[in-house]
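Inspection log for the structure reproduced underneath, given as structure tokens.
Throughout, protein chains are lettered first and strands after them, A, B, ... in sequence-line order, and every chain is numbered starting at 1.
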Protein chains: 2
Amino acid sequence: MTLARMGTELRCQCIATHSRFIPPKSIQDVKLTQSGPHCKNVEVIATLKDGKEVCLEPTAPWVQLIIKAILAK
Amino acid sequence: MTLARMGTELRCQCIATHSRFIPPKSIQDVKLTQSGPHCKNVEVIATLKDGKEVCLEPTAPWVQLIIKAILAK
């Protein structure tokens, strides 16, 4: 899987990012973590309605659209 | 405070939203939760670098700008 661990970790949590589109309606929440001393990457972790957690690519246009869609509801 | 509880709750987590601007550099992460059976509101919860959690207004332009800024890094 793509996720190393959860919680407020002292290192990066995403090893890889999910590349295929995920429909917004199957997403429960999305967590955006800033880069910082713990990790040089911005990390976007989506929790799906079935409980799975997936790392998404912050720069992918569909990821940005999903975030916009959640905010616009 | 503005936060009822943390975790994957079965109800809304934000009682009120913080209205003043928070500089992106003081934010550690931002969690966007979709509306659903547990809560009719979209909820945006920022964790600050000092560990505090604040609820933000999803429709506020500055909140949307902060999210864009995090993604664009």
*Identified side chain to side chain contact (heavy atoms under 4.5 Å, CB included) partner of Leu32(A) from the options Ile27(B), Asp29(B), Ile70(B)*: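 Only one of Ile27(B), Asp29(B), Ile70(B) forms a side chain to side chain contact (heavy atoms under 4.5 Å, CB included) with Leu32(A), namely Ile70(B).
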*To the nearest 0.5 Å, tell me how far Gln28(A) CD sits from Lys31(B) NZ.*
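Separation between the atoms: 8.5 Å.
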_Could you measure the distance from the CD atom of Gln64(A) to the NZ atom of Lys68(B)? Nearest 0.5 Å is fine._
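Those atoms lie 8.5 Å apart.
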*asked:* What part of Val63(A) gets within 4.5 angstrom of chain B, counting heavy atoms only: side chain, backbone, both, or neither?
replied: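 Nothing of Val63(A), per the 4.5 Å heavy-atom cut-off to chain B.
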Validation: residues 54-62 of chain A side-chain donor-acceptor distances under 3.5 Å, sequence neighbours left out:
from     : atom 1 : to       : atom 2 : distance (Å)
Glu57(A) : OE2    : Thr59(A) : N      : 3.4
Glu57(A) : OE2    : Thr59(A) : OG1    : 2.7

*Results of side-chain contact (heavy atoms from CB on, under 4.5 Å) for Pro37(A) - residues two or more places apart only*: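 Residues passing side-chain contact (heavy atoms from CB on, under 4.5 Å) with Pro37(A): none at all.
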_Assigning hydrophobic clusters by single linkage (Ile, Leu, Val, Met, Phe, Trp, Tyr; side-chain heavy-atom cutoff under 4.5 Å), is Leu65(A) placed with Leu65(B)?_
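Looking at the clustering, Leu65(B) is in a separate group from Leu65(A).
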*Counting N and O atoms only, with roles assigned by atom type, does the side chain of Gln34(B) sit under 3.5 Å from a partner on the main chain of Pro24(A), one being a donor and the other an acceptor?*
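At least one qualifying donor-acceptor pair exists.
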